[in-house]
Q: 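Take a look at this one; I'll ask things after.
Numbers restart at 1 for each chain; the letters A, B, ... are given by sequence-line order, proteins then strands.
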Protein chains: 2
Amino acid sequence: MNYSVSEENYIKTIFHLQKKEGTVTTNELAGELKTRPASVTDMMKKLKAKKLLHYQPYQGFRLNNDGTKVALAIIRRHRLWEYFLAEKLKFTWDEVHEVAEELEHVSNKKLIDKLDAFLGYPKNDPHGDPIPDANGKIDTGKKIRLPEIPLHTPCIVSGVSNQSGEILELLEHKKIRIGTRLEIRKKFDFDESLEIKSGKQTITTISRQLAENILITHEA
Amino acid sequence: MNYSVSEENYIKTIFHLQKKEGTVTTNELAGELKTRPASVTDMMKKLKAKKLLHYQPYQGFRLNNDGTKVALAIIRRHRLWEYFLAEKLKFTWDEVHEVAEELEHVSNKKLIDKLDAFLGYPKNDPHGDPIPDANGKIDTGKKIRLPEIPLHTPCIVSGVSNQSGEILELLEHKKIRIGTRLEIRKKFDFDESLEIKSGKQTITTISRQLAENILITHEA
DNA sequence: AAATAAATTTAGTCAAATCTAAAAAATTAA
DNA sequence: TTAATTTTTTAGATTTGACTAAATTTATTT
């Protein structure tokens, strides 16, 4: 029921990798975790013994139901802390991930559920990724991006899908943050740039690349 | 510059133990950490090699300057998280210690300084113990307890020095929490009980034992 | 389909942090 | 001041998670 930091990092990483392909290979995992293939094999035997994943030598691995539950609990912790760091402690979007990597391993269930309540049960972390609820349910519906919103429809920024310092700088400059109310005023076909009204009054123009990275909630 | 969870627990415990006596013995430390004397000796060699404490075989040990700095950083983290848990997440006073024992080992300096700012630079944790500042300065002045406050002098509850569930239950019942404004109305010599006005209007009587455990700030 | 290359696993080490059992030092008591 | 007791340290083993190097399995070429 309780896993080491190392075990948790393996489980979490397998979860992320297997979303793309059905199964994860030894080398992939070693690359992602910056460890050696031999170490991965060792850990896979251990996690198999703990019945968290399917694993046959040379065949790759895949989390089973129990393993997925564990992964979702870790991801819930990670994303709630990210939200807390950005929203309450005023960390910038590109700083939260690193700190959350440490906080996610504090696995007191009551702590996390109370943190969730304190934050107002947020649905997405600052990068727009969905936060699993206390039962491990996660919103798998794909993200809505700004270009998909119709003209003159007020909406609210719920995250960005790109965490680079550059995009942050630009968004900061344009005063676009999580919770900012936006409305598209005009779409220019030539370069697909958008003229938007943001916050109270500000009118500005943003590029297609930028708009593609702005995630939106409808509830507005 | 970075210490393992285990090393941190040893350092922190030595700090607390040596406050009472000048020096700490192997058995004392083993008892406190629920480990074996042989393990303590091993760790003392390691911490001596890292120049965090004075240690001569059979002579006990004592943190040096560097070790004390490390201890104060850990205690700062612990107490800030305790404050956060009680104040923001609504944990009760008797629950915060256990959770903070885990959170204290996340040693990102920026995280802790931002947390401190978010909390409004609190001076004491929910048990009334002083919180070291970002430079490791700690208020060593002794705590003021409710019986020391003169009659009709408004003051504010800053903590309790006893963390039992029983005292919590009583304080909860009387609606006395951190931040509650109190004023002593009458002191009864017979049993040293106090009649106090708490919060807006409530008048109630509390025993000497209870009053002794209520810590007070003057700023009110 | 054999030969080569790549991926994976096995075997054997290592460091950190713990333990038990035995030895050594310090303390207390007779 | 010896003897007995307690405290502390040493020596050797164990567990976890990592590593290197060698062996094995799978995949890719020619």
Q: Please work out if Pro57(B) contacts a base, only the sugar-phosphate, or nothing of the nucleic acid, heavy-atom cut-off 4.0 Å.
A: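 The residue Pro57(B) makes sugar-phosphate contact but no base contact.
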Q: Do Asn64(B) side-chain atoms and Lys51(B) backbone N/O form a donor-acceptor pair below 3.5 Å?
A: yes
Q: Give a yes/no on whether any side-chain N or O of Tyr10(A) is located under 4.0 angstrom from OP1 or OP2 of dT16(D).
A: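 No, because none of the side-chain N or O atoms of Tyr10(A) sits under 4.0 Å from OP1 or OP2 of dT16(D).
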Q: Ignoring hydrogens and angles, state whether a donor on the side chain of His78(A) or Glu82(A) is under 3.5 Å from an acceptor on the partner side chain.
A: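 A donor-acceptor contact under 3.5 Å links the two side chains.
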Q: Whether Thr26(A) contacts dT9(C) is assessed here as follows: a side-chain N or O lying under 4.0 Å from the phosphate OP1 or OP2. Is that the case?
A: yes
Q: Roughly how many Å is it from NZ in Lys45(B) to P in dT10(D), rounded to a whole number?
A: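 Result: 4 Å.
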Q: Tell me the interatomic distance from Lys34(B), atom NZ, to dT18(C), atom P, rounded to whole angstroms.
A: 15 Å
Q: I want to check one thing: is the phosphate of dT16(D), taken as OP1 and OP2, less than 4.0 Å away from some side-chain N or O of Ser4(A)?
A: no
Q: Looking only at the side chains, is there a donor atom on one of Ser193(A) and Asp191(A) sitting less than 3.5 Å from an acceptor on the other?
A: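 Yes, side-chain donor-acceptor contact under 3.5 Å.
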Q: Any side-chain N or O of Ser39(A) less than 4.0 Å from the OP1 or OP2 oxygen of dC19(D)?
A: yes
Q: Map Asn27(B) and Thr35(A) onto DNA chain D by nearest heavy atom, then report which one ends up closer to the 5' terminus.
A: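 Counting from the 5' end, the first nearest nucleotide belongs to Asn27(B).
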Q: Over 60° means perpendicular and under 30° means parallel, so tell me whether Phe118(B) and Phe84(B) are parallel, tilted or perpendicular.
A: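 Geometry flag for Phe84(B) against Phe118(B): tilted rings.
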